Protein chains: 2
Amino acid sequence: MPDKKDTHRLHDLFQLPPGRTLDICLKLHTAILEHRLAPGTKLSEDEVGEIYGTSRTVVRAALQALAHSGLVKIAKNRGAFVAKPSIREAHEIFEARALIEPRVARMAAKSISETDLERLRAHIDAEHEALHAGDMGKALSLSGAFHTAIADIADQQVLANMVRSLISRSSLIIAMYWQRPDTACESHSHHALLKAFADHDGDAAEEIQKSHLIDLHSGLNLVEAQQQDKSLKDILRAG
Amino acid sequence: MPDKKDTHRLHDLFQLPPGRTLDICLKLHTAILEHRLAPGTKLSEDEVGEIYGTSRTVVRAALQALAHSGLVKIAKNRGAFVAKPSIREAHEIFEARALIEPRVARMAAKSISETDLERLRAHIDAEHEALHAGDMGKALSLSGAFHTAIADIADQQVLANMVRSLISRSSLIIAMYWQRPDTACESHSHHALLKAFADHDGDAAEEIQKSHLIDLHSGLNLVEAQQQDKSLKDILRAG
DNA sequence: ACAATCTTAATTGTATACAATAATTATACA
DNA sequence: TGTATAATTATTGTATACAATTAAGATTGT
């Protein structure tokens, strides 16, 4: 189960006091992570406010928090939109992950407990389940949660928040650039990691995580094109 | 000169559109970095709003942005305070810097241009000048700006923003825990880095930056105590 | 005198109203 | 018919007013 602890730790990421602002922030956050909100979607203050039954004031605060995390882009006098990471940003984010997460995995391998291992297994199971149920969005969200769980286990809050932020943005990148519709979302690597953790083998954990991330990075189609927005009008006009 | 480019890039960190919110955010940010606002200082919305001649609405947004960057701590129904990083947080932040910045330095060494080198020299000169003028706060702020400048030169925006955030928080940590009142603030390392950059020697740059950060970390007095807040009353009562 | 409780004051949380800006549509002209 | 300009609409930016919560001070009882 993703359970309570996850959202509790997310509070850390946004640094918001408990309250409606945080609630909306988390709801939008999970909606984006589960790919229910596509990159580029406009998030009107009025609209969001009406949906969640609150005023623009609190919606605005939530949107700004998400903007700070890179999940939302605010354009002056134009409003908030779900971010659309550029190809370059995508490269940078996965390079940053490849720098940070292997180190985090090493640290986690040292300090991991039996209950932690149990939780990770539960994560993997839930991921499998969602995948089997055809809920791709949730499966992906859980796959990300697996990575953040490792950072939490390593018990390094500063790095954990960085990882959380990077993974959230990775979700957007995957929504835009993923090119393996087939793939049983890298569950093999997660199992391999689990074994390294069980053995408290820091070297192995670091190495596996590193190649896992390189693998993910290479699974993206990061080559120009894909600017479906502007070209759409042209295409329709041409046809 | 810290110049315009720096504040322009800071916009990236806060992800705020141009406007009064960003202005106040930057003003508070520099005030904290220059140690004119001590850790723990209360930042009342009314007070700050009156100082900058704006309403609470915009001040609130600025404070929340700073909270997200870890420079300000917001307590529910109690208000915003300049953050007071714990000892543990201090360790984590400098360990994160030791992980990220050497890599960034290596990348910068590869791509650095003549004009970039010139700018770095100017940074060092300005730092010396401020130090000579006795403006410790500004000297420290410029010392941090040197590190962020390297990240900008490396041209990795994602990592650069992480570094920026870490350095800002480091400034608070130094305000709380620095134990070398003497020291000509690590300018030697900065010169050594400059040489490595001029030689485009990535290995050297990485190594120098790494030991520089370890050196900074070890210059902190991170041993319990220092909780002057609660004990202050007790001390006065005892006397 | 000390402690506990209640009252009061001050500050933040939220909603709403107004102003400013940008996008869209309509209109006039070439 | 296409383009440029102007009016309109819709949305965000900001300020202010009110509600809720917390902290501090006063009051009462032991």
Side-chain angles (χ1 to χ4, degrees), chain A residues 10-11 14-28 37 40-69 71-84 229-230 232-234 236-238, chain B residues 10-11 14-28 37 40-69 71-84 229-230 232-234 236-238:
Chain A
L10 266 178
H11 154 92
F14 294 118
Q15 290 282 22
L16 290 169
R20 286 197 267 217
T21 300
L22 182 61
D23 287 344
I24 292 179
C25 203
L26 293 176
K27 274 173 182 158
L28 290 174
L37 282 172
T41 305
K42 163 127 207 215
L43 300 171
S44 158
E45 295 178 358
D46 276 323
E47 205 174 339
V48 176
E50 198 171 359
I51 289 169
Y52 293 121
T54 184
S55 83
R56 280 177 53 212
T57 310
V58 59
V59 174
R60 239 178 119 71
L63 290 174
Q64 284 182 357
L66 289 166
H68 198 131
S69 297
L71 292 177
V72 157
K73 180 87 181 174
I74 295 177
K76 184 182 166 100
N77 282 315
R78 297 214 27 242
F81 302 81
V82 178
K84 302 202 303 182
D229 281 6
K230 282 196 177 177
L232 190 62
K233 288 180 183 173
D234 299 339
L236 292 178
R237 181 170 304 201
Chain B
L10 267 178
H11 153 94
F14 295 117
Q15 290 283 22
L16 290 170
R20 286 197 266 218
T21 300
L22 182 61
D23 286 344
I24 292 178
C25 203
L26 294 176
K27 274 172 182 160
L28 289 174
L37 282 173
T41 305
K42 163 130 205 212
L43 299 171
S44 160
E45 295 179 357
D46 276 324
E47 204 174 341
V48 176
E50 198 171 359
I51 289 169
Y52 293 121
T54 185
S55 84
R56 281 177 52 213
T57 309
V58 60
V59 173
R60 240 180 117 72
L63 290 174
Q64 285 183 356
L66 289 166
H68 198 131
S69 297
L71 292 177
V72 157
K73 182 87 182 174
I74 295 177
K76 184 178 165 110
N77 281 316
R78 297 214 28 246
F81 303 81
V82 178
K84 301 202 303 182
D229 281 8
K230 283 194 176 177
L232 190 62
K233 287 180 183 173
D234 299 339
L236 293 177
R237 183 170 304 203

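Proteins come first, then strands; the chains are lettered A, B, ... in the order of their sequence lines, and each starts at number 1. Bear in mind that the values here come from a model prediction, so they are computed numbers and not experimental data.
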Exercise. Which atom pair, heavy atoms only, marks the closest approach of A/Leu16 to A/Cys25?
Worked result: CD1-SG, 4.2 Å
Seminar exercise, completed: When rounded to whole Å, the CD1 to P distance for the pair A/Ile24 and C/dG13 reads 15 Å
Exercise. Where does the angle between the aromatic ring planes of B/His68 and A/Phe14 fall among parallel (under 30°), tilted (30 to 60°) and perpendicular (over 60°)?
Worked result: perpendicular
Exercise. Minimum heavy-atom separation for A/Ile74 to A/Ala80, with atom names?
Worked result: CG1-CB, 4.1 Å
Seminar exercise, completed: Atom NZ of A/Lys42 and atom P of D/dA10 are separated, to the nearest Å, by 13 Å
For this session: For the side chain of A/Ser55, starting at C-beta, report the closest nucleotide among D/dT14, C/dT21, C/dA15.
Result: C/dA15
Seminar exercise, completed: To the nearest angstrom, the CG-C1' distance between A/Asn77 and C/dA22 comes to 6 Å
Exercise. Looking at the side chain of B/Glu45, which of D/dA15, C/dT21, C/dT12 is the nearest nucleotide?
Worked result: C/dT12
Exercise. A/Lys76 or B/Ile74: which one's nearest nucleotide on DNA chain C is closer to the 5' end?
Worked result: B/Ile74
Exercise. Between C/dT21 atom P and B/Arg20 atom CZ, what is the distance in whole Å?
Worked result: 10 Å
For this session: Tell me which residues in residues 56-66 of chain B put a heavy atom below 4.0 Å from DNA chain C, sorted by number, or none.
Result: B/Arg56, B/Arg60
Exercise. What is the minimum heavy-atom distance between A/Ala61 and B/Gln64, and which atoms define it?
Worked result: CB-OE1, 3.4 Å
Exercise. Counting side-chain heavy atoms from CB outward, which of D/dT22, D/dT12, C/dG13 is closest to B/Arg78?
Worked result: D/dT22
For this session: Compare every heavy atom of B/Leu63 with every heavy atom of B/Val72, then report the nearest pair and how far apart it is.
Result: CG1-O, 4.0 Å
Problem set entry | Upstream residue (5' side of DNA chain C) when A/Thr54 and B/Asp46 are each assigned their closest nucleotide | B/Asp46
Problem set entry | Between D/dT14 (C1') and B/Leu16 (CG): distance, integer Å | 15 Å
Exercise. Which atom pair, heavy atoms only, marks the closest approach of A/His11 to A/Pro18?
Worked result: CE1-CD, 4.4 Å
